[in-house]
Every structure is written in C-alpha cells, then in structure tokens.
Amino acid sequence: MMNLSTVQKKLALSHTRVGVMMAALLYLICLTGTLLVPAEEWKRWQQPEVSEYSHLPPESLQQAINDYQSSNDASPESLWVVFPTTGLPRTHLSDEESEWWLDQQGIRQQPVNEGVIHTLSELHTHLLMPGQVGVIIVGILGVLLTSLILSGLISHRRLFKDAFRLRRGSGPQSQIDLHNRLSVWGVPFHLMMSVTGAFFGVVTLLMALAIPLIYGGSQQALIDQVYGSDPVLDADVTPIDATKIMHTMTEVAPDASPLYLVWQQPGTRQQFVEVAATLPGRLIYSEIYRFTVSGSYLGKQGMSDGPWGRQLIYSVYRLHFGLFDGLGVKLAYLVLGLSLTVVCVSGISIWLRKQPRSIKLQSLWAGWVWGVPLSLVFAALGDHLLSIPPLGCLLLGLGLCLLWSSVQTRHPGIKLQRLLALSLIVLLLGYALTHQGWTHNGAAVWLNLGLLGAALWLLIRSRPQYSPTSEQPQPQLERL
C-alpha cells in the first residue's frame, strides 16, 4: 500500500505531464498558425507553374462553367469558382470533390494539390480530429492561453519596468529575459489571437448545445438564424448566365471586390447563385449577394448590416487569420505569431529546468519542439518530391523524433536542429530540380529564401561551442 508521500509524488508527476501535454498542444497550434499566415503564398509555392493574373473576365467565368458542365454528367450540390486576389492571383474551380486551376480564358489546367498545406491547416483548426471535437478542443486551448497571458502579466510585477532589458547569451537568464520581453511587446497581438481562437471553439460548443435544447435537433434552423436562411425558389430550370450575374453584381455593389461565386443546387428548380465580396472600410470578411441563374438580383445575406452577432462572427474570422490585403500585415502577423510560439516554448523550457529529475521530460520536450517542424518538412518532402501522402510522413516523422529523443541524454534538441537544417536544404534542392529553378513567381522566390535563411540560422544556432581557453569543443547546455 502506498504511503501519502508516494501518492503526492505520483500526483505531482501526473500534474507535470498533463501541463507539458497542454503546452505541447498550445505550441503546435501557435506554430501551425504562424506557418499558415502565408497560406496563399504556400499554395503558389506548391504549384509554381500555374498561370497567374489579377482578373478573370466574366466571359471566361462563363466558359469555365460551360466546360465543366459539358464534361460532367452529374450535377454537384454546389459549384465554386474562387477569383484571383492579391495574395493568390489565380482562379480555381471546385465541385467539392475535385478542384482545378483555371487560366485567364477559363480553361481548366492541372488539378489543385492541397498537399502539406491542407494537413497544416487541419492541424491548426482541429488537430486532425473528426467533426467539431477538435475545433472545441482548440477553442478550450485558446481559453487556456488567454488565462496564461493575463496571469503572466499580473504575476510579474517588473514585466513592464524591465520591458527593454535583454541579457545576451544562451544561458537561462537570457531565455527568461527573451520570454518576458516578447510577452510584453506582443501582448496585444497575443491576446487577440488567443481570444479569437477561443471564440471559435466556444461558439462551436454553444451551437452544439443549442441544437438539441433550443432548435429541436435541427442544425439547419440554427444556421438559418445565425447566418441567414437561403432563398426559397421554385422556377423553371434554365442555364446559368454567369456573365450577366457578374455585370449585375457590378451595378449592385460597385465598390465590392468579388472573392468567389458559388452556384447552389445546379440543375434544379431551387438553384440560385451567391457571390461573396469584400467591402472597403469594413472588418467583416465578406458580404454575400444572391442572384437567380438568369442574373436577377435577389438580395444580400446581411453580413454587413444584419444582426450584430452575424457581423461579429465574420469580423472575428478576418481578425484571427489576418485576411487583409498588403504584405506588411502578413509580415506583422508572421513576426508576432513567431513571438507567441517562442513564448510558449520558452515558458515550459524555463519551468522544466527548475524541476528535479526532469531530464527525460526535457528530452521529450526538445523532441516535440523540434520534431514538429522537422516532421512538417518530411511531409513536404514526401508530398512534393515523392508523391507520398503528407499526413503519413508527418505522423511517422513525429513518432520517430519522440522515440529517438526519449532515449537521448545529451542535447537531442541541438541534434534535431541540425537534422532540420539539413532537411530544409534537401527540400530546397529537390524543389529547384523539380521546378527547374526558383523563379516561377515572387512568392516561391521569397519563401525559398526564407527556408534557406532558416536552415542557415539553425546551422549557426546549433554549432559547437568552444571554450576561450581550449581548442576542444565544450559540452553545451540544451537550448530550445
């Protein structure tokens, strides 16, 4: 029978493991969210040969829809055409089962390769879990992150007084300073990310509870009240006139910038068309305008002037994902997202150093911190160069990193950093050979230069440390 002291030790150990597990998930969400800031640029990087342009003429839109109909006997539930934007100057067409890039004449090119970017998105939004469970868990983690940020600000009395104090070096004090300084400098952004991330999960949970309790089990009834109901039509089946729809759209909302067109229930008596568009000076992601297939205007969904809750949901979405035009906003989100990721890692690293007998846990933590990006590179290598499903490469790579780090006693993090740098260089070489260079588009050039810079930084960071009094390499402290 265990005595009280043994029970307390086991409870303390369980508490530590649960805390590190939660921190590991927070790190995963922060890192994947940061990497997804240039999601549009990653899509251009994945398939750099696709033709790019800033505008799809209405006649080309009609041509694309006609070509799709002539080559497909069955009608999909919805047919989407997503227009070019500043970040992604390409058009793609999707029937929710298959997706193709279009050239400026509306002719289908190669299929869209979702690849590792899709896996990255699935990790960030719902941790690869089915249904809404993952979204709710990510939201709960957002609540936890918000509480950590606020409690950190309250508990550190000298946090703002020492806002510009940063000791150099690789020791514990410099890491503590870095953690505290980034926490202060980035607190508005960090809170915005944590609160908006929590919002999605909390809203999803509340909606799941409201469906059986308030809406009699009808999910559609809740969706209609929150987002607005679809128009109810019963008209003769006629061909879609996409050209007229886009011209009418220009008359109805001349200042709006169309994002996508979706043909709902094509080929039925209930068919109608929606055009989503951004509005200048509005925080909402988009307004949705509705038309008959012949081009008559039916009205808008009310995202810009409907109930405040509807406007709030669409505004939070844009804030969280940084969906604003301009390279400066993306760079700011990228830098601040990286700072939040560093804060998550350094906080646990500092805490683990203070724990007695935590060497194995420190090794596992290092394996997770560096194993996640390394596994993402493995997934990119498998998907981009070998046509292997990226999810399998990701999970296999992460499992091997954790298994290997669990049996290491000396600097697993530094060794994984070197392997990550080598993998990035292999990825870049493979990319250059596969696509005959880096210069297909500006996004590919800048992302490749960024990957090269990251590889060089990792090599410098993980280099052997030499004592000033000896030519022999000296043991390093683990640096996360």
Side-chain angles (χ1 to χ4, degrees), residues 35-57 59-68 70-72 79-122 258-261 325 327 330 334 376-394 423-455:
L35 293 176
L36 281 171
V37 169
E40 295 173 323
E41 287 75 12
W42 283 122
K43 291 177 182 179
R44 297 170 67 187
W45 179 89
Q46 283 191 149
Q47 295 177 282
E49 297 89 356
V50 174
S51 59
E52 298 189 343
Y53 45 90
S54 60
H55 174 68
L56 181 74
E59 295 76 17
S60 298
L61 171 62
Q62 183 69 57
Q63 178 68 39
I65 294 175
N66 291 343
D67 287 349
Y68 174 83
S70 64
S71 59
N72 291 271
L79 184 66
W80 299 72
V81 179
V82 182
F83 301 122
T85 61
T86 304
L88 187 62
R90 304 174 175 185
T91 302
H92 51 105
L93 179 146
S94 171
D95 60 7
E96 299 184 337
E97 291 186 2
S98 302
E99 191 171 4
W100 303 267
W101 296 114
L102 304 177
D103 65 17
Q104 199 167 14
Q105 287 69 48
I107 306 301
R108 274 185 283 177
Q109 297 181 295
Q110 58 184 292
V112 174
N113 173 27
E114 292 186 328
V116 70
I117 302 305
H118 177 71
T119 303
L120 190 66
S121 177
E122 297 284 290
L259 291 171
Y260 61 82
L261 176 147
D325 286 335
L327 182 61
K330 285 192 175 183
L334 190 63
L376 287 170
V377 176
F378 286 165
L381 283 167
D383 172 58
H384 205 70
L385 302 181
L386 304 174
S387 299
I388 300 175
L391 180 57
C393 294
L394 173 70
S423 300
L424 286 171
I425 293 171
V426 171
L427 178 63
L428 289 171
L429 291 174
Y431 186 90
L433 292 173
T434 302
H435 301 290
Q436 290 80 48
W438 286 5
T439 57
H440 289 80
N441 58 63
V445 172
W446 285 110
L447 286 174
N448 282 321
L449 288 175
L451 294 175
L452 179 60

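Residue Ile65 holds its CD1 atom at 11.5 Å from OG of Ser60, rounded to the nearest 0.5 Å. Atom-to-atom distance recorded for Asn72:CG and Asp67:CG is 10.5 Å, nearest 0.5 angstrom. To the nearest 0.5 Å, atom CG of residue Leu376 and atom CG of residue Leu394 are 5.5 Å apart. Atom CD of Glu114 is separated from atom CG of Leu120 by 13.0 Å, given to the nearest 0.5 angstrom. Distance CG/Asn66 to CD/Glu59: 12.0 Å, rounded to 0.5 Å. In this structure, CD on Glu52 lies 13.0 Å from CG on Asp103, to the nearest 0.5 angstrom.
Around CH2 of Trp446, the count of heavy atoms belonging to other residues, nucleotides or ligands within 6.0 Å does not exceed 12. In Glu97, the CD atom is not crowded: 12 or fewer heavy atoms of neighbouring residues, nucleotides or ligands sit closer than 6.0 Å.
Counting only heavy atoms from C-beta outward, the side chains of Arg44 and Arg90 approach each other to under 4.5 Å. Taking 4.5 Å as the limit, some side-chain heavy atom of Leu102 sits within range of a side-chain heavy atom of Tyr53.
For the 3.5 Å distance criterion, the side chains of Asp95 and Tyr68 qualify, holding a donor opposite an acceptor.
Lys330 and Val37 get closest at one heavy-atom pair: O-CG1, 3.4 Å. The shortest non-hydrogen separation linking Ser121 to Leu36 is CA-CD1, 3.7 Å. Taking all atoms of both residues into account, the shortest heavy-atom contact from Val82 to Tyr260 is CA-CB, 3.9 Å. Annotation for Ala64 and Leu93: closest pair O-CD1, 4.1 Å, computed over non-hydrogen atoms. In terms of heavy atoms, Gln104 sits closest to Pro57 at O-CD, 3.7 Å. Of all the heavy atoms in Thr85 and Glu40, the pair that sits closest is OG1-OE2, 3.7 Å.
Under the 3.5 Å distance criterion, the side-chain polar atoms of Tyr431 are matched with a main-chain donor or acceptor of Trp45. A donor-acceptor contact shorter than 3.5 Å links the side chain of Trp42 to the backbone of Leu35.
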Please output the side-chain donor-acceptor pairs of residues 379-388 that fall under 3.5 Å, not counting sequence neighbours, one pair per line with the distance.
from	atom 1	to	atom 2	distance (Å)
His384	NE2	His435	NE2	2.8

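In summary, of the residues considered (Lys43, Gln47, Gln46, His118), a side-chain contact (heavy atoms from CB on, under 4.5 Å) with Val112 occurs for Gln47 alone.
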### Query
Given the rule in the side chain to side chain donor-acceptor pair (under 3.5 Å) test, do Gln110 and Trp101 qualify, once you have shown the distances and angles that lead to the verdict?
CA-CA 6 Å; Gln110 58 184 292; Trp101 296 114; 5.5 Å; no
